[in-house]
A.B. asks: 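I have a structure here, written as structure tokens, and I will follow up with some questions on it.
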Protein chains: 2
Amino acid sequence: LIRLEHVDKTYRIAETPTAVLRDVSLEIGAGEFVALQGPSGSGKSTLLHIIGLLDRPTAGRYLLRGRDVSGLSDDELSGLRNQSIGFVFQSFYLIPYATALDNVLLPGLYSPAPQHQLRQRAEHLLAQVGLADRMRHKPSQLSGGQQQRVALARAMLNDPDLILADEPTGQLDSKTSAEIMSLFAEVNANGKTIIVVTHDEETASHAKRRVLVQDGTIA
Amino acid sequence: LIRLEHVDKTYRIAETPTAVLRDVSLEIGAGEFVALQGPSGSGKSTLLHIIGLLDRPTAGRYLLRGRDVSGLSDDELSGLRNQSIGFVFQSFYLIPYATALDNVLLPGLYSPAPQHQLRQRAEHLLAQVGLADRMRHKPSQLSGGQQQRVALARAMLNDPDLILADEPTGQLDSKTSAEIMSLFAEVNANGKTIIVVTHDEETASHAKRRVLVQDGTIA
Ligand SMILES: Nc1ncnc2c1ncn2[C@@H]1O[C@H](COP(=O)(O)OP(=O)(O)OP(=O)(O)O)[C@@H](O)[C@H]1O
Ligand SMILES: Nc1ncnc2c1ncn2[C@@H]1O[C@H](COP(=O)(O)OP(=O)(O)OP(=O)(O)O)[C@@H](O)[C@H]1O
Ligand SMILES: [Mg+2]
Ligand SMILES: [Mg+2]
């Protein structure tokens, strides 16, 4: 499903280039459940953004379902992303003036599914992450862990084949973390591919495979 | 130092009142190192905001250093907060267009200390949290854990007597978490009072006392 070949990612601050990813090669098959681990600043989020088509490598190739994504325009990437990839961001990126329910419904804007069906699915997902009684709350009226769970529900609205979650349990107590990881296990059992970036050992233990990132490359 | 007596905090969404804190009574002495734990949504951040003078109780009393804070105006609270309380927010609240160094220097705007001295202290703090080579980066150019550490350094600029940290290691790997907690232990050994909200057992183990919050009250 995912094939990265000698991927580099370099940023420039003023004139100084910073190599954030160096020679990353990685293969992830459809249906896998992978935990991406490594120290703070090692490149995990950067790698996840490239996999999720939110960023492009500076060098190397990324083949998604056998297609070289460097050949695709920004619009094509965006379409591909919206229908088949669900992304949980490390800093959530919820819309502050919209309710939890409307935040979850956001990816549905580009979906062919009818509105009432999307609404039903959004409510069901919010219930699944324990927020049935918080649907009308805005992000500023939610706890950190509740905001994180809204971001999770949103990533799953379009039932994507690939779910990329950056620290999905970072703000959650152990009981709620375990509930979220069982939800992921269930989704994985339905054939979805899941990649979770996590610092938490307990969270990583739910995945079926671990990939260690260190200093911008795969250890 | 801190004395909460029968504190309530209730919010209203539309017409429905939600009691987020109910009858919270708590005493914390100067120089203590307390871990505040509890499930997601239980009221920890709300409690920390009240202690940090960022929010007011709906009922009950809060005595800070023997003074009833309900008697103080918003300006007086703000002055008190800036000089003697350092706050690490669960979602950091860094200024996106300012560098890490300038973010750390922000509380210095109200300090009587000379600029060069504040600058030296800010650089030292950034080095202490492992970000000596990231001082000129803006928040969008930093990893989640790096942003969290900038927020930590900022909270310590004015050498406050009371440090309140909401999930200070939520985005950090175990090695970096341990470094941050040793830094807190060092600061506590110098007589500062520290209250840390955390979901992480390892982080909580560094504190000298634990307070459990459950359903808006102290268990
Ligand atoms: N402005 C608000 N209006 C209404 N409800 C609110 C508001 N702010 C917080 N709440 C509610 O108060 C409860 C406690 O929130 P708080 O942020 O204190 O929880 P927490 O213990 O810090 O949780 P977490 O561990 O997830 O960060 C939550 O159920 C939340 O929905
Ligand atoms: N836009 C950018 N410009 C320059 N450097 C960047 C940029 N974005 C990220 N970096 C740097 O890339 C490195 C890796 O960042 P990344 O966010 O991928 O780390 P991470 O492994 O997710 O860390 P964490 O566990 O703290 O979230 C960091 O050192 C960061 O400073
Ligand atoms: Mg990250
Ligand atoms: Mg909180």
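Computed from a predicted structure; not experimentally measured. Naming: A, B, ... by sequence-line order, numbering from 1 per chain.
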A.B. asks: For A:Ser143, is it the side chain, the backbone, both, or neither that has a heavy atom closer than 4.5 Å to a heavy atom of chain B?
C.D. replies: side chain
A.B. asks: For the residue pair A:Asp8 / A:Thr58, report whether a side-chain donor-acceptor contact shorter than 3.5 Å exists.
C.D. replies: no
A.B. asks: Quick check for you: among B:His137, B:Gln37, B:Gln146, B:Lys175, which has the greatest number of heavy-atom pairs under 4.5 Å with chain A?
C.D. replies: B:His137
A.B. asks: Is it the backbone or the side chain of A:Thr176 that comes under 4.5 Å from a heavy atom of chain B, or both, or neither?
C.D. replies: side chain
A.B. asks: What residue among B:Ile163, B:Leu183, B:Val196 forms side chain to side chain contact (heavy atoms under 4.5 Å, CB included) with B:Pro168?
C.D. replies: B:Val196
A.B. asks: Under 3.5 Å, is there a donor on one side chain and an acceptor on the other for B:Glu179 and B:Ser182?
C.D. replies: no
A.B. asks: Would you mind checking which part of A:Thr18 comes under 4.5 Å of any heavy atom in chain B, side chain (CB onward), backbone (N, CA, C, O), both or neither?
C.D. replies: side chain
A.B. asks: Tell me which of these, A:Lys138, A:Arg149, A:Arg134, A:Gln148, has more heavy-atom pairs under 4.5 Å with chain B than the rest.
C.D. replies: A:Arg149
A.B. asks: At a heavy-atom separation under 4.5 Å, does A:Leu172 approach chain B through its side chain, its backbone, both, or neither?
C.D. replies: both
A.B. asks: Decide whether B:Thr203 and B:Thr169 meet the rule of one side-chain donor and one side-chain acceptor closer than 3.5 Å.
C.D. replies: yes
A.B. asks: For A:Gln171, run the side chain to side chain donor-acceptor pair (under 3.5 Å) check against B:Gln90, B:His199, B:Glu167 and tell me which one passes.
C.D. replies: B:Gln90
